[in-house]
Amino acid sequence: MAKEITSKSENYSQWYNDIVKKAGLAEHSAVRGCMVIKPYGFAIWEKMQSQLDSMFKATGHVNAYFPLFIPKSFLSKEADHVDGFATECAVVTHYRLKNGEEGQGLIVDPEARLEEELIVRPTSETIIWNTYRDWINSYRDLPVMINQWANVVRWEMRTRLFLRTAEFLWQEGHTAHATRQEAIDEAVQMQKVYADFAEEYMAMPVIKGIKTANERFAGAVDTYTIEALMQDGKALQAGTSHFLGQNFAKAFDVKYLNENNEEMHVWATSWGVSTRLIGGLIMTHSDDEGLVLPPKLAPIQVVIVPIPKPKEAIMTVANDIKARLESKGISVKIDDDSRKRPGFKFAEYEMKGVPVRLGIGMRDLEKDLVEVARRDTKEKNQVPLADIDSHIPQLLQDIQENLFQKAIQFRSDHSSKVDTWEDFIDALDNKGGFVSAHWDGTTETEIAIKNQSKATIRCIPQDEDNEKGSCILTGKPSARRVLFARAY
RNA sequence: CGGGGUGUAGCGCAGUCCGGUUAGCGCACCUGCUUUGGGAGCAGGGGGUCGGGAGUUCGAAUCUCUCCACCCCGACCA
């Protein structure tokens, strides 16, 4: 009725937008390309943040904060880096407004022009490495293992809620190391942290791989990625971890003295995930009834709906269940709004993706039963009141696992291995998903394939064998298969 | 930046082609009564610079010009 959403099959991107809006996650703001993240959407982000943050700390990182603004000259110090970001930067040129002539209203005061323009950070490598120069003198100062939670701005031509917004929230880790190997190990470690988070918490299976030269981060030597598959068959880059070599150390002159009193450039990494993960979460699990959330990231894990409406006998039981579940670390909401009818609430919490719903009515209570409904499969069961304590934690685990298994199944149903151009196009058009194929290793061929198929090389998988073959486009020798997909 | 579309109440829309009373409908909101195990019913009520500006006209949501914003599809990107 009031909250129907477009079906996935009818119009996938409309379905996606409907979910974001109707589940109360976010909405477009008055500013082009920028969104308002609403409380329920932000609650999901907070759960992601707190989990990731503890994983970062467990791997030896600490948090800090660097400025929003970057002097223009900083950005241009690393050549590849400028090329990558120059075309999408917001630039601050003035620091004051004033009242204009009659009828003009507020205008930018032309006398308040900045000596040097400031860039609103699209990423913070430059300002951070400029700072690290002063922090690092000796091998004893290394490694530096810092993360920051921040907002960044990239002036994208076309934006989509969570997936690509002009301003977005993320974390960016920036580490400095004495040796090349230590930095590589760090980059790989953080890629693993991201993969573990995606799979264990988001229930979103990912493939770990390395980006081709063409797809790698501007300024990186190697970009390690995790790639996920969405329900429309398109791939989503869910997180990246970069081995930066000595590029930024050289650009910003960051050197240390080693044990032998020799001056060396520092080795670097950077790594980040963003609010885009929320978009990935939505597109991995949700259905035509609305959002589906994995229990580990659901702001509300269990909702209790008194049926048909709150009354003392029901509320006593509901409060008791709530207290018992909360003591096990489960978040519970009792919807005691007596103005809304149960059917309305059922639909509402399905839209919001609450994993488990408990319905308690007098009819059930007479038999000491509670109705337990799970969001992922829509199953409903009568469970004895006395068993709730043990049943719910197990059920939440089952849901978490079921979502992950379903996503894995979907990915394997939508993955292909092909050896000819015809099969390649056929797989992309009819099956979507990841297509494993041979490629001759050149950027020219990669771009040609992209132009002809709209598919990009998502990654060179790290955990696959080195089967030799010939390129699907050029027929030239190929050292190994790579993973193609159409992507977000 | 190219193509398509939309701007009318908090939200979703009709009305615009072919100008004409007081601009309408659904949801939401307020009041009351009846309801209440899958999105309640009835009655009453409040809420509008019709995206902005200029023009044509006795008269403009409607026609003309112009500007703006947003959405969708592409190219670019996390």
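Lettering follows sequence order; numbering is per chain, from 1. This structure is a prediction, so every number in the text was calculated from the model and none was measured.
Between the C1' atoms of B:rG45 and B:rC18, the separation comes to 36 Å (whole Å). B:rG53 and B:rA61 have their P atoms separated by 13 Å, given to the nearest Å. Rounded to whole Å, the separation between the C1' atoms of B:rG12 and B:rG7 comes to 13 Å. With both ends at atom C1', the span from B:rC71 to B:rC11 equals 16 Å, rounded to whole Å. When the P atom is compared between B:rU64 and B:rG26, the two are found 31 Å apart, to the nearest whole Å. Comparing B:rC68 with B:rU57, their P atoms sit 28 Å apart, to the nearest whole Å. B:rG15 and B:rA60 are spaced 14 Å apart, taking the C1' atom of each and rounding to whole Å.
In terms of heavy-atom proximity, A:Gly280 sits nearest to A:Leu236 at CA-CD2, 3.6 Å. Nearest approach of A:Glu78 to A:Gly219, heavy atoms of both residues: OE1-CA, 3.6 Å. Closest non-hydrogen pair, A:Ala176 versus A:Trp129, comes out as CB-CH2, 3.6 Å. When every heavy atom of A:Gly41 is checked against every heavy atom of A:Ile278, the shortest pair comes out as O-CD1, 3.9 Å. Here the shortest heavy-atom pairing between A:Met351 and A:Ala23 reads O-CB, 3.4 Å. Across every non-hydrogen atom of A:Asp364 and A:Gly359, the tightest pair is OD2-O, 3.7 Å.
Cation-pi geometry between A:Lys352 and A:Tyr40 is satisfied (NZ or CZ under 6.0 Å from the ring centre, within 45° of the ring normal). With A:Phe74 as the aromatic partner, A:Lys77 meets the cation-pi criteria of under 6.0 angstrom to the ring centre and within 45 degrees of the ring axis.
For RNA chain B, the residues of residues 352-361 of chain A within the heavy-atom distance limit of 4.0 Å (strictly under) are A:Arg357, A:Gly361, sorted by number. RNA chain B lies under 4.0 Å from at least one heavy atom of each of the following residues of residues 363-373 of chain A: A:Arg363, A:Asp364.
The backbone N or O of A:Met55 sits less than 3.5 Å from a side-chain atom of A:Thr59, completing a donor-acceptor pair. Side-chain N or O atoms of A:Thr456 include none that pairs as donor or acceptor with a backbone N or O of A:Arg458 at under 3.5 Å.
Within 4.0 Å of A:Glu350, counting heavy atoms only, lies at least one base atom of the nucleic acid. Residue contacts shown for A:Thr225 are absent, as no nucleic acid heavy atom lies under 4.0 Å away. Residue contacts for A:Lys380: at a heavy-atom cut-off of 4.0 Å it reaches a base atom on one of the strands shown. A:Leu236 comes within 4.0 angstrom of nothing in the nucleic acid, heavy atoms only. Residue A:Phe168 is classed as a base contact, given a heavy-atom separation below 4.0 Å to a base.
Side-chain rings of A:Phe248 and A:His81 approach one another, their centers coming within less than 6.0 Å. The six-membered or imidazole ring of A:Trp271 lies near that of A:His61, with a centre-to-centre distance under 6.0 Å. Here the two rings, on A:Phe484 and A:Phe424, have centers that are under 6.0 Å apart.
Secondary structure note: stems in RNA chain B built from 3 or more consecutive Watson-Crick or G-U wobble pairs under 3.5 Å occupy B:1-7 with B:68-74, B:10-13 with B:24-27, B:29-34 with B:40-45, B:51-55 with B:63-67.
Residue A:Arg341 has its side chain nearest to B:rU35 when only B:rG38, B:rU35, B:rC77 are considered. Nearest nucleotide to the side chain of A:Lys454, out of B:rA75, B:rG38, B:rU36: B:rA75. Residue A:Glu156 places its side chain closer to B:rC76 than to any other of B:rG39, B:rU36, B:rC76.
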*When every nucleotide of nucleotides 5-10 of chain B is labelled 5' to 3' by its protein contacts under 4.0 Å (heavy atoms), B for base, S for sugar-phosphate only, - for none, what sequence of letters results?*
------

*Report the C-alpha separation of A:Asp287 and A:Lys378 in whole Å, then their side-chain angles, then the decisive distance to 0.1 Å, and conclude whether the salt bridge (charged side-chain N to carboxylate O under 4.0 Å, His left out) test is met.*
CA-CA 11 Å; A:Asp287 61 24; A:Lys378 309 279 174 54; 3.8 Å; yes

*Do A:Glu27 and A:Lys38 pass the salt bridge (charged side-chain N to carboxylate O under 4.0 Å, His left out) test, and can you show the C-alpha distance, the side-chain angles, and the key distance before you say yes or no?*
CA-CA 7 Å; A:Glu27 61 191 31; A:Lys38 298 177 75 175; 3.5 Å; yes

_Evaluate A:Val153 against A:Phe168 for side chain to side chain contact (heavy atoms under 4.5 Å, CB included), listing each step before the verdict._
CA-CA 7 Å; A:Val153 168; A:Phe168 57 95; over 6 Å; no

*asked:* Before you tell me yes or no, could you show the steps for A:Glu167 and A:Arg154 under salt bridge (charged side-chain N to carboxylate O under 4.0 Å, His left out), namely the whole-Å CA-CA distance, both residues' side-chain angles and the distance that decides it to 0.1 Å?
replied: CA-CA 6 Å; A:Glu167 178 192 11; A:Arg154 296 182 190 175; over 6 Å; no

Hey, can you pull the donor-acceptor pairs under 3.5 Å for the side chains in residues 62-71 of chain A, sequence neighbours left out?
unit_1, atom_1, unit_2, atom_2, d
A:Asn63, OD1, A:Asn147, ND2, 2.9
A:Asn63, ND2, A:Asp53, OD1, 2.9
A:Tyr65, OH, A:Arg121, NH1, 3.4
A:Tyr65, OH, A:Arg121, NH2, 2.7

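Counting to the nearest Å, the P atom of B:rC1 and the CD atom of A:Glu88 are 16 Å from each other. Rounded to a whole Å, the CD1 atom of A:Ile5 is 16 Å from the P atom of B:rG12. To the nearest angstrom, C1' of B:rC76 lies 12 Å from CD of A:Glu215. Counting to the nearest Å, the C1' atom of B:rC76 and the CG atom of A:Asn214 are 12 Å from each other. In this structure, CH2 of A:Trp155 is placed 13 Å from P of B:rC1, rounded to the nearest angstrom. Rounded to a whole Å, the CG atom of A:Asp337 is 17 Å from the P atom of B:rG39. Spacing between atom CG of A:Asp83 and atom P of B:rC76 amounts to 16 Å, rounded to whole angstrom units. When rounded to the nearest whole Å, the span between CG of A:Leu163 and P of B:rC76 equals 17 Å.
Under 4.0 angstrom from either OP1 or OP2 of B:rC76 there lies at least one side-chain N or O belonging to A:Lys450.
Residue side chain A:Arg164 reaches the base of B:rC77 through a donor-acceptor N/O pair under 3.5 Å, judged by distance alone. In this model, no side-chain donor or acceptor of A:Glu348 finds a partner on the base of B:rG38 within 3.5 Å.
Relative orientation of the A:His242 and A:Phe217 rings is parallel, given thresholds of 30° and 60° on the angle between their planes.
Place A:Ser338 and A:Trp170 on RNA chain B by their nearest nucleotides, and A:Ser338 ends up nearer the 5' end. For the pair A:Arg339 and A:Lys345, nearest-nucleotide mapping onto RNA chain B gives the more 5' position to A:Arg339.
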Under 3.5 Å, which N/O atoms of the protein pair with N/O atoms of nucleotides 67-72 of chain B?
unit_1, atom_1, unit_2, atom_2, d
B:rC70, OP1, A:Arg32, N, 3.1
B:rC71, OP1, A:His28, ND1, 2.8
B:rC72, OP1, A:Asn17, ND2, 2.9
B:rC72, O3', A:Ser13, OG, 3.4

